[in-house]
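The structure displayed is predicted, hence computed values, not measured ones.
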Amino acid sequence: MWRLRRAAVACEVCQSLVKHSSGIKGSLPLQKLHLVSRSIYLHHPTLKLQRPQFRTSFQQFSSLTNLPLHKLKLSPIKYGYQPRRNFWPARLAARLLKLRYLVLGSAVGGGYTAKKTFDQWKDMIPDLSDYKWIVPDIVWEIDEYVDFGHKLVSEVIGASDLLLLLGSSGETAFRATDRGSESDKHYRKGLLGELILLQQQIQEHEEEARRAAGQYSTSYAQQKRKVSDKEKIDQLQEELLHTQLKYQRILERLEKENKELRKLVLQKDDKGIHHRKLKKSLIDMYSEVLDVLSDYDASYNTQDHLPRVVVVGDQSAGKTSVLEMIAQARIFPRGSGEMMTRSPVKVTLSEGPHHVALFKDSSREFDLTKEEDLAALRHEIELRMRKNVKEGCTVSPETISLNVKGPGLQRMVLVDLPGVINTVTSGMAPDTKETIFSISKAYMQNPNAIILCIQDGSVDAERSIVTDLVSQMDPHGKRTIFVLTKVDLAEKNVASPSRIQQIIEGKLFPMKALGYFAVVTGKGNSSESIEAIREYEEEFFENSKLLKTSMLKAHQVTTRNLSLAVSDCFWKMVRESVEQQADSFKATRFNLETEWKNNYPRLRELDRNELFEKAKNEILDEVISLSQVTPKHWEEILQQSLWERVSTHVIENIYLPAAQTMNSGTFNTTVDIKLKQWTDKQLPNKAVEVAWETLQEEFSRFMTEPKGKEHDDIFDKLKEAVKEESIKRHKWNDFAEDSLRVIQHNALEDRSISDKQQWDAAIYFMEEALQARLKDTENAIENMVGPDWKKRWLYWKNRTQEQCVHNETKNELEKMLKCNEEHPAYLASDEITTVRKNLESRGVEVDPSLIKDTWHQVYRRHFLRTALNHCNLCRRGFYYYQRHFVDSELECNDVVLFWRIQRMLAITANTLRQQLTNTEVRRLEKNVKEVLEDFAEDSEKKVKLLTGKRVQLAEDLKKVREIQEKLDAFIEALHQEK
C-alpha cells in the first residue's frame, strides 16, 4: 500500500514537471520533489524539458532492466501547431507508459532512503566485534539458526577510508585496511545496486536530452553562462572544502562516541563482570618483543630489524610536541630552546579504558587526566634521562621505555630521539654532536624503521640539518614521512606561500618521502592543554588560505590525520617484516644450541638469574653450617685467638714490670693494678674484636673451602663479594663489651687455685708462653747479629758491618750480665759509657741508642731463661702455695698470675661462644640474606660477578628463545586479527 501511495505522489510531481516543461517557471521546492526527480534536478538544474519530443527518447530505456520498450509512433510535429490540441492521444499514451517508471522509481527511491537511513544509523555504532564475549552465548547459538541479515555492529569508517571517499584515489598512499572495497561490493548488492544502475541510465538520458535541447535552445544556454570559469572553480573549491570539513567534524563526533563506548566496555571488563581476561593487545605484545631485543647482546650478528617509528628532527623543531599530540598528553619535559631529550624514549601507544602511562620497570600508573600526575611523570622522565647520562657526557644511547594507554589512541611504537644540533654550546660535552648523529643513524639504519622527519616551518628550510641525514639513511623515501610543524607561524612569516606548497609537495628538499603533512602544535605556551591545541589547529586550517587556495589538501593537515597515516604505515611495515625477523632468530637459536651441546654437553642451560639462585642456596646452606660448629671448637679457637692478641701486652706490660719488684707483696700489687687498668680500657674491646674476626674466619672457611666434584668455580667471585658485603654490614652488639667487662674483672680477681691439676695446667701454660717469647727473642737476636759460626761455615753466609757491630755489643753486654745476674731491666748511663768505651778500645764505633736496643733483647732473653728455670722449680710448689708460702723461700706468684690469665681466657671464650651461637650467627645470616636480595635486584652486579663464556652463552640462548616465542605469539595473534 505504501508503494501505491508513493507512486500517486510521484504522479503529481510528474504532472508539475510537465507543466514546468511548457515554459512556465514552477515554485515547487526542491525538498518536495521525489528522490529520483531531485537527483535529476541536482545534476542539471538549468535543464528545462520544453518539448514533448524529448520524452520519447527519454522513454526508450528501463531503469531496472535493459530491455528496450516499444517505441511510440507519433506523427511529425509541425511548429505552427499546438501539441496540446492536435496530439492529445499520443500525450495520454506517453503519460500512461511513463507511469511504470514513476512507480518503479518510487519503490527504488523509498528502498534507497530506508537503506541509507539504516546505514547511517549502523555506521554510528562502534566496533564491538572484539567484545562478543559480553553477549550471552545463547545469542550466538540462536544466530546459527536465525539469519539476521546484515551485522548490526559495524566498525566506524576510518580516516583513510574517509579520505578515499572525499578525494581522488591517488591523493594518498595511506590506507589502514581494505574495508572500503569490501564495503563497496557489499553495498552494491540488492536494491542499492538497482539504484546505482538506475542513476547511470538517468544520467545517460540527461546527456541525450541536453544535447537535443542544445539544438533548439541555444539562446537559453547562452543566457546562463554569466559566471566565469574562474569563479566556478573557486565556488567548487569552497564547496569541497566545506564538505570535507563537515565530514571531518562528523568523523570526530563518531570517534568521540566510539571512544566513550569503548571506554565503558573496557571498564566493565576491568571490574570482572564475566570473570574473563582480555588477551594482551597486539601492540603490547610487539612492545615486549622490542624490550627484550633492547636487552639482547647481539654478539652473533643478529640485528634488530623490527619496525618502529623513529622521530628525528632539529633541536626545538617540535618533535616532542608532535609526539605529545599523537599520545594526547603533555608527557615530556619541556624547555625554552635548551636540550631536553637527552636519551631515546620509546613510547608504546595502545588502547585502554583509562588514559594512563607507566614505565616498563615500574608498576606505578600516572593518570594523564590529572595535572599533578603529568608533572610527576615529566619529572620522572627527566630524572631517568639524567641518570642514564654518564659523567662527562650530554646525551646517552640508553633507552627509556614508556607505555601510554587511553581510549582512541592509535596503536604504534615511537622512539623520540635527541634533537640534531649544528653547534656544540657551552656546558655540552665536545662529542655531543657526533653522539647524537650516531644514535640517530643507529635507529634509522634499520631497513624497516619508519622515519618521522620533523621540520620547523617557522625557520628557513636551508637551515635544516636533519633532512640531509634522513636522505642518507633513506635516499628513495620509501619509509620516510615528512612533517612540517608550526605552519601557523610559517603562513604569517613566509612572504611566498607557494614555498610551503613546494615543501609539502617535496619539491624544495632533495629528500624524498612517502607522505607529507602540515601540523600546528599550539601557540608556544607550555601550559596549553591538548584539547586547546587541537581546537586551535582545526580552527587555523579551517580559515587558512593554504587550504582555500588548494596549496594543501585536507588529508595532509592536522595531527589527527598524521597519527592515522603513521599508524597505518607502521602496521603495514610490521606485517611485511615480522615473519622474516622471526626466521632469522630461529637460525640464531639453532646455532646457539649447537654451540652449547658441543662445549657443555653434561650441563643444564642455566642463565645468569638461574645461576644466581643456585649460588644463593649454596651460600645460605653454608651460613646455616655455622650453627653446626661444636661449642668446644668455638671455645678453643676463641681462647687461642684471644691469647695471641693479648699475650704481648700481658708479658711486656704486666709480667715483666711486676717481676722487677723486690718482694711478692709488691709483685701482687703491681699485677692487680695493671690487670684492673687493662680490664677497664682494652681487654673487652680486644675480646669482641677477636670474636668478630673468628666468626669471619669460620664463615670464610665455609664459603671458600672446595666441595669436591660438586664445587663450581663460577660462583667464587659472587661468594667473595657476598662475604665482604655481609661482614661490612654486620655490627656487634654494643652492650656486649659492658657485660663482658664485668665477667673478665671477676675472673681476674680470683687467686684461689683449688687443686694440683689446675696448678700444673697453669705451669704448662706459663712455660708455653715463655718458651714462645724466648724463641721470638732468639730469632730477633740472630737477625740482629747475623749467622753464627756454624751457619757461616756450612751455608757460606757472612755478617754485614752492622751485624758485626751488634755482635760485638751483644758480647760486651753478656759479660756484664754474667757479672750481675740480678741486674735490673734498664742500663744506667755510666754502664752505657763503659760499654761504648770498651768497644771503642777494640776499634768498634757504636751509638748509645744501638747499645740500648741490643741490651733490650739480651736482657729479655736472660729474663725469660731465668723465668723458665723458676717455672720448673714451681712444679713442686703447690704445697707451699696452699700454706701461702709461709716459711718458704719458694714463691710462685708468677704461676698464680698465669693461672688468673688462663682462667679469664676460658671464661671469656665461653661467654663469646654463647653470644656467637645465640645472636651473632643469626644476625650474620640475616645480613647475608639482605645482601643476596640486594644483589638479585642489581642486574649490573650480577653481570659483574657471574661472568664467563658459559654464562654468556646461556644468557644469549635464553634471550633468543624468549624473543622467538614472543614473535611467534605475536605473529599468530596478527594472523587472527586479519
Pairing donors with acceptors under 3.5 angstrom, does anything connect the side chains of [X] and [Y]?
| X | Y | answer |
| --- | --- | --- |
| K942 | N609 | yes |
| T679 | H745 | no |
| E814 | H862 | no |
| T911 | Q915 | no |
| N910 | Q914 | yes |
| N869 | T866 | no |
| R773 | T648 | yes |

Query raised in the report: If every non-hydrogen atom of W855 is compared with every non-hydrogen atom of P824, which pair is closest and at what distance?
Result: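 What the structure gives for the nearest pair is CZ2-O, 3.6 Å.
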Report summary line: For A954 and L606, the nearest pair of non-hydrogen atoms, with its separation, is CB-O, 3.2 Å
Side-chain donor/acceptor of [X] to backbone N/O of [Y], under 3.5 Å:
| X | Y | value |
| --- | --- | --- |
| S362 | L358 | no |
| R799 | V785 | yes |
| E831 | A828 | yes |
| N599 | E595 | yes |
| D750 | N746 | no |
| S752 | S754 | no |
| R608 | L946 | yes |
| E955 | Q952 | no |

Query raised in the report: Hey, is R922 close enough to E925 for a salt bridge, meaning N to O under 4.0 Å?
Result: no
Would you indicate whether the side-chain heavy atoms of [Y] and [X] approach each other to under 4.5 Å?
| X | Y | result |
| --- | --- | --- |
| W643 | I901 | yes |
| K717 | K944 | no |
| F898 | I763 | no |
| E698 | H633 | yes |

Report task. Using the test ring-ring contact (aromatic ring centres under 6.0 Å, His included), find all partners of H730 that sit at least two apart in sequence or belong to another chain. Result ->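 Per chain and number, H730 pairs via ring-ring contact (aromatic ring centres under 6.0 Å, His included) with W692.
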Requested in this report: List for me each residue that meets ring-ring contact (aromatic ring centres under 6.0 Å, His included) alongside F878, sequence neighbours excluded, and say none if there are none.
Outcome: W759
Query raised in the report: In terms of the angle between their ring planes, are Y859 and F863 parallel, tilted or perpendicular, with boundaries placed at 30° and 60°?
Result: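 Because their plane-to-plane angle is under 30°, the rings of Y859 and F863 count as parallel.
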Query raised in the report: Residues in disulfide (SG to SG under 2.5 Å) with C871, at least two apart?
Result: none
Query raised in the report: Name the one of N783, T854, N811 that satisfies side chain to side chain donor-acceptor pair (under 3.5 Å) with H806?
Result: T854
Query - Point-to-point distance, once rounded to the nearest 0.5 Å, from CZ of R903 to CZ of R900 - result: 10.5 Å
Should we count [atom1] of [X] as having more than 12 external heavy atoms under 6.0 Å?
| X | atom1 | value |
| --- | --- | --- |
| R876 | CZ | no |
| K756 | NZ | yes |
| Y826 | OH | no |
| E802 | CD | no |
| K941 | NZ | no |

Query raised in the report: So is R384 actually on top of F359's ring, under 6.0 Å and inside 45° of the axis?
Result: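 Yes.
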